[in-house]
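Residue numbering restarts at 1 for every chain, and letters A, B, ... go by the order of the sequence lines.
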There are 2 protein chains.
Amino acid sequence: MTERGTPETGAEFDLEAFLPFILNQTAEVIGKSFQAHYRAAYGMTRTQWRVLAIVGRYGGLTASDICAIAHEEKSRVSRAVAALEERGMLSREISPEDKRAEILSLSAEGAETYRVLGQAALAFDQALRDRLGPEAETQLRDLLQRLRSVTGGAEKG
Amino acid sequence: MTERGTPETGAEFDLEAFLPFILNQTAEVIGKSFQAHYRAAYGMTRTQWRVLAIVGRYGGLTASDICAIAHEEKSRVSRAVAALEERGMLSREISPEDKRAEILSLSAEGAETYRVLGQAALAFDQALRDRLGPEAETQLRDLLQRLRSVTGGAEKG
DNA sequence: GGAAGTCAGTTGCATTGGCAACCAAATTAT
DNA sequence: ATAATTTGGTTGCCAATGCAACTGACTTCC
């Protein structure tokens with residue numbers, strides 16, 4: 001790599017110290033590191049994994065519920081659900097109360113996948129906790145929480 | 001939203017408490033919140049903004065340097081550089097030492113844009129610091145740093 | 001009861017992104 | 001020297017996004 005020049009003047013902006021950048025960087029590194037579990041092993045998208053996780057955890061909810069919980073966009077969720085159904089991981093059923101809404105639930109295979117990935121995720125989280133130390137990890141969660149609420153917990157869907 | 005069912009058994013995985021998810025969530029919220037500055041105001045991509053920031057800060061470096069600094073992928077950087085050049089924000093010049101490499105530098109307009117956006121970024125960062133409190137902010141940076149180094153500071157390019 | 005608005009979910013389209021193949025210059029090995 | 005490898009950078013292709021438009025179902029309000 002060529003040598004870096006020196007900054008010109010006074011209070012200069014430094015991307016590498018920019019919190020949004022650092023946050024994104026960290027999220028990406030950590031995210032990619034877990035990606036292997038659902039992507040390499042199951043060929044799943046991150047959104048698909050999230051949908052699976054949510055439907056696995058709380059059965060019988062709708063796509064909108066997922067949007068709200070995962071703060072995902074409806075089109076993404078829609079496609080993820082379609083893909084998961086395609087793969088026989090979950091099934092939809094039109095809600096008797098509201099014929100627009102579809103109640104989602106995992107198939108046996110989906111449930112099994114959820115179990116495996118859920119365990120992997122728990123282990124992954126535990127590993128992070130182990131390395132940071134429990135109190136640091138709590139602190140981190142707290143700080144991230146505060147950070148998020150700062151900019152308004154704005155929804156997206 | 002329909003009511004959530006109850007989890008089935010023992011140590012169940014909960015996406016909303018999953019650190020990678022939380023991290024990503026936070027990064028996205030914060031990131032989008034700053035996006036307005038470069039996207040709405042200048043129609044720039046995040047990668048373009050990053051490239052501009054780096055070239056603005058350290059002039060006369062190459063695309064590979066940017067990849068290393070921003071941990072971005074070379075194709076992304078390549079396209080961002082092309083777009084910025086297209087818009088007259090920066091210029092390339094073949095390195096005399098290595099005819100493959102291109103030395104990048106900002107045009108007057110690019111420099112001005114960098115100045116404006118850099119100031120906005122500094123202000124943004126300061127605002128976050130103000131809300132978290134200075135010691136919490138330092139702590140956060142430290143924790144994120146540790147988190148990143150944990151999973152190996154693996155490069156991507 | 002019907003028009004107007006809202007809500008669940010889907011789809012089309014134009015960008016974006018990742019990945020691998022690729023070209024040309026540089027370096028290393030034989 | 002020249003073949004083989006590595007490196008800087010670009011490009012093609014396909015999957016994934018983002019956003020807005022759209023369909024059909026529900027609600028509201030007159």
Side-chain angles (χ1 to χ4, degrees), chain A residues 1-2 24 27-29 31-32 35-36 38-40 42-51 55 60-87 90-104 154-157, chain B residues 1-2 24 27-29 31-32 35-36 38-40 43-51 55 60-86 90-104 154-157:
Chain A
M1 116 152 89
T2 44
N24 185 71
E28 219 171 87
V29 169
K32 287 214 175 204
Q35 214 181 30
Y38 57 82
R39 187 187 178 83
Y42 293 92
M44 289 172 71
T45 285
R46 196 183 55 191
T47 306
Q48 283 171 31
W49 143 243
R50 287 181 180 179
V51 167
V55 178
L61 33 58
T62 72
S64 318
D65 295 340
I66 295 178
C67 290
I69 297 174
H71 306 284
E72 286 275 358
E73 235 170 308
K74 41 190 220 163
S75 64
R76 267 158 83 168
V77 170
S78 174
R79 292 191 237 250
V81 166
L84 287 174
E85 184 187 37
E86 183 82 15
R87 303 174 61 126
L90 65 73
S91 61
R92 340 185 192 190
E93 170 193 4
I94 294 180
S95 165
E97 295 146 13
D98 185 339
K99 281 169 204 154
R100 295 169 301 178
E102 305 177 320
I103 311 291
L104 307 174
E155 320 295 329
K156 289 183 290 178
Chain B
M1 116 151 89
T2 42
N24 185 72
E28 219 171 85
V29 169
K32 286 213 176 211
Q35 215 181 30
Y38 56 82
R39 188 185 178 83
M44 288 172 74
T45 286
R46 196 184 54 189
T47 306
Q48 284 172 31
W49 143 243
R50 288 181 180 179
V51 167
V55 179
L61 33 58
T62 73
S64 318
D65 295 340
I66 295 178
C67 290
I69 297 174
H71 306 282
E72 286 275 358
E73 234 169 311
K74 43 190 216 159
S75 65
R76 268 157 84 168
V77 170
S78 174
R79 290 192 238 251
V81 166
L84 287 174
E85 184 186 37
E86 182 82 17
L90 65 73
S91 61
R92 343 186 189 189
E93 168 193 6
I94 295 181
S95 165
E97 296 145 14
D98 185 339
K99 282 169 201 153
R100 296 168 300 179
E102 306 177 321
I103 311 291
L104 307 173
E155 318 295 328
K156 290 183 290 178

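- Here A:Ser78 does not reach the OP1 or OP2 of C:dG9: none of its side-chain N or O atoms lies under 4.0 Å away.
- Formation of a donor-acceptor pair under 3.5 Å by the A:Ser95 side chain with backbone atoms of A:Asp98 is found in this model.
- A:Arg46 and A:Tyr38 make their closest contact through CG-OH, 3.3 Å (heavy atoms, listed as atom of the first residue, atom of the second, distance).
- The 5' end of DNA chain C is approached more closely, in terms of each residue's nearest nucleotide, by B:Thr45 than by the other of B:Thr45 and B:Ser95.
- We find the NE2-CD distance between B:His71 and A:Glu28 to be 10.0 Å, quoted to the nearest 0.5 Å.
- With the nearest nucleotide of DNA chain D identified for both A:Pro96 and B:Ala63, B:Ala63 has the one nearer the 5' end.
- For the pair A:Asp65 CG and C:dC7 C1', the interatomic distance rounds to 13 Å; values are reported in whole Å.
- In this view, B:Glu85 and B:Arg92 satisfy the side-chain hydrogen bond (donor to acceptor under 3.5 Å, both in side chains) rule, not counting sequence neighbours.
- Taking atom NE2 of residue B:His71 and atom C1' of nucleotide C:dG18, one finds them 18 Å apart after rounding to whole Å.
- Atom CD1 of B:Ile103 sits about 7.0 Å away from atom CD of B:Glu97, to the nearest 0.5 Å.
- OP1 or OP2 of D:dG9 sits under 4.0 Å from a side-chain N or O of B:Ser64.
- Computed from coordinates, the B:Glu97 CD to C:dA24 P distance equals 23 Å when rounded to whole Å.
- Nucleic acid contact class of B:Arg46 (heavy atoms, under 4.0 Å, all strands): none.
- The separation between B:Ile66 atom CD1 and D:dG9 atom C1' is 12 Å, rounded to whole Å.
- Open room surrounds CZ on B:Arg39; 12 or fewer heavy atoms of other groups in view lie less than 6.0 Å from it.
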Table of protein N/O atoms under 3.5 Å from nucleotides 18-25 of chain D N/O atoms:
from   : atom 1 : to      : atom 2 : distance (Å)
D:dG18 : OP2    : A:Glu73 : OE1    : 3.2
D:dG18 : OP2    : A:Arg76 : NH1    : 2.9
D:dG18 : O6     : A:Arg79 : NH2    : 2.8

